[in-house]
2 protein chains.
Amino acid sequence: MRPKTLKELASHLDLSIATVSRALAGHERIAQATRDRVAKAAREFGYVPSMAGRMLVSGRSGFVGMTLAVRGPKLVDSFLGEFVTGLGEGLTERGNDLILATVAQGQSELDVLRHLVDSGRADGVVITRIAEVDQRVDYLIDRGARFVAHGRLLESERAYNWVDTDGARAFAEAFDMLYQLGHRHFGLLTISEPMTFRHLRQDGLAGAISRCGDPSLKLDVMTTPRFDRGACIQAAHRLLNAPERPTAIIGLFDELALTVMEEASRIGLSIPRDLSVIGFDNIAAAAYAPPGLTTFDASIRECAREAAAMLVDVIENPGQPPRTKLVQPMLTARASHGPAPRKHR
Amino acid sequence: MRPKTLKELASHLDLSIATVSRALAGHERIAQATRDRVAKAAREFGYVPSMAGRMLVSGRSGFVGMTLAVRGPKLVDSFLGEFVTGLGEGLTERGNDLILATVAQGQSELDVLRHLVDSGRADGVVITRIAEVDQRVDYLIDRGARFVAHGRLLESERAYNWVDTDGARAFAEAFDMLYQLGHRHFGLLTISEPMTFRHLRQDGLAGAISRCGDPSLKLDVMTTPRFDRGACIQAAHRLLNAPERPTAIIGLFDELALTVMEEASRIGLSIPRDLSVIGFDNIAAAAYAPPGLTTFDASIRECAREAAAMLVDVIENPGQPPRTKLVQPMLTARASHGPAPRKHR
DNA sequence: TCAATCTGTGCAAACGTTTTAAATCTAATC
DNA sequence: GATTAGATTTAAAACGTTTGCACAGATTGA
C-alpha cells in the first residue's frame, strides 16, 4: 500500500507527521540523515502533498485566476491562446498555476471574480480588455483583492497594478515611418467602443503628427462598431472613397487594417503602390492576406508573462506601491506599406 | 465586521455551524424559516465558502485540469483559445472550473499530470494532441485517474474515454465533392509526425477512393515535418511540380493547404481554375488567404464542450464503461475548389 | 401520565497540512 | 554523577467545511 498522506508516510518511516512535513520542506532543524531518508521515501512512493490541507493552513492556493467571457461564435485570433500561454510561463516559474473561470451566460463577471478570490481558489486575479471606465478595477481595489490589469483605465485617481502594450509609441512610429516615405494624408480606422487602447493609440498618432509640425498633414478618422463586420466594411469604404483619399491608412488593429486592404483591392487599388496600410497586433492572418500586412507585434505573450510575474510579486509582497509596466510592440514590416503615390508627393 | 467563515456567520445568526452549513446546502431537515434567514444573511454579507475546507472534507476540488505545453514562439491559430473556451463552457454549466498547468521547460508532462491529480487540485484531466502511441493514456489508466482524451490512439487494447473529430469522414466527403467536380488525380500533403489524426484522415480519403472503384483515380501523397516551414514549402513544391500534376490537393490541415495555395500562385497557377485545394480546421487565415480556402470546420469548441461534459460525467459516475464521441466537422465552402481543368477531364 | 414519534438543532469528528511550543535525546562540562 | 547546552523530534492546535449521531422540545397516541 502506497502512503498517500503525510500520516501514512510518517508511520511508515516511524517518524511523526511534523518531522516528515519539516523534512520535506527542507527545514534546517531536521537532521540531514532524516531529511534524506524522508525525501527518498517520498520520491519512491510518489507522495504529493494534498492541496486542500496545505491551502487550509497557509491560506494560499498557489493559483492565479482569470475570467473567461465567452464571446462570439468563433475566435478570430490567437489572443487568448497567447495570453494564457504567457501567463502559464510566468506562473509556472514561480510555482503557481492558472485557473480559468468561465463566466456563464447571464452571470456577472464581477461575481465570478469575487467567488474566485473569496473562496480562496485564487490568490489573485488578472483582468484583461480594460475599458476606459472599468468597474472591475474599482471593485477589486475596494475588495482589497490582489490583481493585475492587462490594459489601463483612461484616467483614474486610484492606483493599481497594470501591464500594457505601448500602443501610443507604436502609432507614432508608424507615422514617422510613413512620413519618411512621403505620406502626408493619413487615415485612421478606429472603433466606437470605449476601450482605452483606442485613445492611447490615436493620441500617439495625433501627438506625432502635431510634433512633426508639417502644416500639410491631414488625418481622417473613421469610426465603426467593433463587432459589426458590415459596418467595418462600410467605414473602410468611406475612408477610401473620400473626395481626397488618404495615401496611408492605419487600422486600430489588424482586423480593421485587413478590412481596409480587402476593400482597397475590391475597388481596384494596388497595395502598397496606391495605398499603404498598417495594422496592430500581428495576428496570423496578417501574414496570409496579400500582400502581407505591415503591423506591430503586440507581444501578447510577453505582456502576459510580465503580468504573471507582477501578480506573484504582488501576492508575495503586499503593501508595496503599485507596479506598472509598458511593453514595447515590435514593428513587423511586410509588404503593405511603401512610398506615397507620386501625384501626392 | 463581515463574517467570512461559517463560524462567524453562525455566531452572528446565533446558530451552530452545522445548522448554517446545512441551511446553505438546502437540507430538508432545516426549518424553512431558518433556511431563509441564513440565505439572506449569507447573501447580505457576501459569504463564500472556503474552497479548502470544502475540498478537504469532500475530497473533490471542483476543478478539471489540462496541461499546457509551451510550443513555438507564436501560436498560428486559435486552437488553444477555442479549446479552453469550449472546456470552460462545458465545465461552468456543471459547476466546475478549469486549471491550466503549464509544463515548464525540461519538466515532464506526466509529472505535471500526476501532481495535478494526486494533489487533489484536479478531479480529472483532459489531454489533447494524442499521438499514435501516447504514454499519457497508459499512465493515466494505470494511475486510475479520471480523464478524457481529445483524440485517439492508433490502436489500443485498453479502453478509455475520448472525444474526436471525424476526420476520416471529412476527407471522404472532400473526395466525393471533388470527384463530382471531375477531379481524378489527387494530391495529399501530410505530416511525418506520428499523430493519429494523420492516419484517420488519410484512411478516410483512401477508403473513399477505393470505394469509388474508378480505375483512373490516382493519389499522390507527400510528407513533411510539421514544424519545418521550409520543408513544407518544398513538399508543396514537389507535389505541384510532379511530371503529372494533381488537379486537386488536400492539405492534412489548413496550414499545409495554405502553403500549397501560396506555392501554386507563386508558380503561376490560378486557384481554383488550375488547381483545387481543400484544407481542414478552418483557421482564421483560411478566410483571408485568396481566394479563400475551402475547408472543414473542426468544431474545436464543440469537441471541448463534449469533452468537458464527458469528464464531469466520468468524475461523478465512476465505474461506467468508457465513453466515446465523434464530432462531425462541417464543410466550409469558399473559393479554392472548383471543376477540374478541361484537359484533365 | 407516560411513552413514542417527529421536527429542528447542536456536538464533535474527520479531512491533511503547517507550525508553535514543548519534550526528548545526546554529548559535553563541571 | 549531576547539570547544562545543543540537537532533534514530537504533541497538539489551527485552518473551514461537511456529516453521523445525539439531543431537546413539541406533538401525538394510548
Side-chain angles (χ1 to χ4, degrees), chain A residues 1-39 41-42 45-63 95 115-123, chain B residues 1-39 41-42 45-63 95 115-123:
Chain A
M1 173 216 109
R2 285 178 22 168
K4 302 291 308 173
T5 76
L6 214 44
K7 180 152 59 168
E8 290 168 1
L9 188 59
S11 82
H12 177 269
L13 287 168
D14 259 326
L15 285 172
S16 72
I17 309 178
T19 304
V20 177
S21 173
R22 270 190 264 257
L24 286 174
H27 232 267
E28 285 299 322
R29 310 283 306 261
I30 300 295
Q32 187 61 51
T34 311
R35 269 191 271 172
D36 292 347
R37 200 161 65 95
V38 171
F45 293 125
Y47 166 76
V48 177
S50 146
M51 157 107 311
R54 178 172 281 183
M55 198 169 153
L56 197 54
V57 60
S58 73
R60 290 255 302 265
S61 69
F63 286 126
H115 269 255
L116 221 39
V117 174
D118 286 358
S119 69
R121 290 131 108 110
D123 302 329
Chain B
M1 174 215 104
R2 286 178 21 168
K4 302 292 308 174
T5 76
L6 214 44
K7 180 152 57 167
E8 290 168 1
L9 188 59
S11 83
H12 177 268
L13 287 168
D14 259 327
L15 286 171
S16 74
I17 306 180
T19 303
V20 177
S21 173
R22 271 189 265 257
L24 286 173
H27 231 268
E28 286 299 322
R29 308 285 307 261
I30 301 294
Q32 188 59 52
T34 311
R35 269 191 273 172
D36 292 346
R37 198 161 66 96
V38 171
F45 293 125
Y47 166 77
V48 177
S50 148
M51 157 107 310
R54 179 170 281 183
M55 198 169 153
L56 198 54
V57 62
S58 73
R60 291 254 303 265
S61 68
F63 285 127
H115 269 254
L116 220 40
V117 175
D118 286 357
S119 69
R121 288 131 108 111
D123 302 329

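Numbers restart at 1 for each chain; the letters A, B, ... are given by sequence-line order, proteins then strands.
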Engineer: Counting side-chain heavy atoms from C-beta on, which of C/dT18, D/dA11, C/dC11 comes nearest to A/S16?
Structural biologist: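 Among the listed nucleotides, the one closest to the side chain of A/S16 is D/dA11.
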Engineer: Start at the 5' end of DNA chain C and walk down; is the nucleotide closest to B/D14 or to A/G53 reached first?
Structural biologist: B/D14
Engineer: I need the minimum non-hydrogen distance between B/L56 and A/G53, along with the two atoms involved.
Structural biologist: CD1-N, 3.8 Å
Engineer: Indicate yes or no for a side-chain donor-acceptor contact from B/S119 to the backbone of B/H115 under 3.5 Å, with no hydrogens or angles considered.
Structural biologist: yes
Engineer: Return no unless some side-chain N or O of B/S21 is found under 4.0 Å from OP1 or OP2 of D/dT18.
Structural biologist: yes
Engineer: To the nearest Å, how far apart are A/M51 CE and C/dT18 C1'?
Structural biologist: 13 Å
Engineer: With the side chain of B/A18 defined as its heavy atoms from C-beta on, choose the nearest nucleotide among C/dC11, D/dT18, C/dT18.
Structural biologist: C/dC11
Engineer: To the nearest angstrom, how far is B/L56 atom CG from D/dA14 atom P?
Structural biologist: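 Result: 17 Å.
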Engineer: With respect to the side chain of B/A31, which nucleotide from C/dC15, C/dT9, C/dT17 is positioned closest?
Structural biologist: C/dT9
Engineer: Rounded to whole angstroms, how far apart are CG on B/L13 and C1' on C/dG10?
Structural biologist: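 Between C1' of C/dG10 and CG of B/L13: 15 Å.
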Engineer: Just compare C/dT9, D/dG16, D/dT17 and give me whichever is closest to any side-chain atom of B/I30.
Structural biologist: C/dT9
Engineer: Whole Å only: how far is the CZ atom of A/R35 from the C1' atom of D/dA7?
Structural biologist: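 Roughly 13 Å, once rounded to whole Å.
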Engineer: Answer yes or no: does a side-chain N or O of B/T19 lie under 4.0 Å from OP1 or OP2 of C/dG10?
Structural biologist: yes
Engineer: Using only side-chain N and O atoms of B/T5, determine if any of them is under 4.0 Å from OP1 or OP2 of D/dG16.
Structural biologist: no
Engineer: Taking the side chain as everything from C-beta on, heavy atoms only, tell me whether B/R121 gets closer than 4.5 Å to B/S61.
Structural biologist: no
Engineer: Any base atoms under 4.0 Å from A/I17, or only sugar-phosphate, or nothing? Heavy atoms, all strands.
Structural biologist: base
Engineer: Roughly, in whole Å, what's the span from CD in A/E28 to C1' in D/dG6?
Structural biologist: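 For the pair A/E28 CD and D/dG6 C1', the rounded distance is 15 Å.
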Engineer: Indicate yes or no: at least one non-hydrogen side-chain atom of A/L24 is less than 4.5 angstrom from one of A/L6.
Structural biologist: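 In short, these two side chains touch, coming nearer than 4.5 Å.
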Engineer: Please give, in whole Å, the distance from D/dC15 C1' to B/E8 CD?
Structural biologist: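 After rounding, the gap between these two atoms is 12 Å.
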Engineer: Between C/dC11, D/dA14, D/dT18, spot the one nearest the side chain of B/L6, thanks.
Structural biologist: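 Looking only at heavy atoms from C-beta outward on B/L6, the closest nucleotide is D/dT18.
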Engineer: Students often get this wrong, so: under 4.0 angstrom with heavy atoms, is B/A52 touching a base, only sugar-phosphate, or nothing?
Structural biologist: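 Touches nothing.
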Engineer: Using a heavy-atom cut-off of 4.0 Å across all strands, would you classify A/R29 as base, sugar-phosphate, or nothing?
Structural biologist: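 Base, at least one base atom sits under 4.0 Å.
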Engineer: With a 3.5 Å cut-off and heavy atoms only, can you find an N or O donor on one side and an acceptor on the other between the side chain of A/R22 and the base of C/dT17?
Structural biologist: no
Engineer: Using a 4.0 Å heavy-atom cut-off, does A/S50 contact any base of the nucleic acid, only the sugar-phosphate backbone, or nothing at all?
Structural biologist: sugar-phosphate
Engineer: Please report the distance, rounded to the nearest Å, between CG in A/L15 and C1' in C/dT24.
Structural biologist: 14 Å
Engineer: Whole-Å distance between C/dG16 C1' and B/D118 CG?
Structural biologist: 14 Å
Engineer: Report yes if the side chains of A/F63 and A/M51 come closer than 4.5 Å at any heavy-atom pair, otherwise no.
Structural biologist: yes
Engineer: Is there side-chain contact between A/V20 and A/K7, with heavy atoms separated by less than 4.5 Å?
Structural biologist: no
Engineer: Can a side chain N or O of A/Y47 be found less than 4.0 Å away from OP1 or OP2 on C/dT17?
Structural biologist: yes
Engineer: State whether B/T34 places a side-chain N or O below 4.0 Å from either non-bridging phosphate oxygen (OP1 or OP2) of C/dT9.
Structural biologist: yes
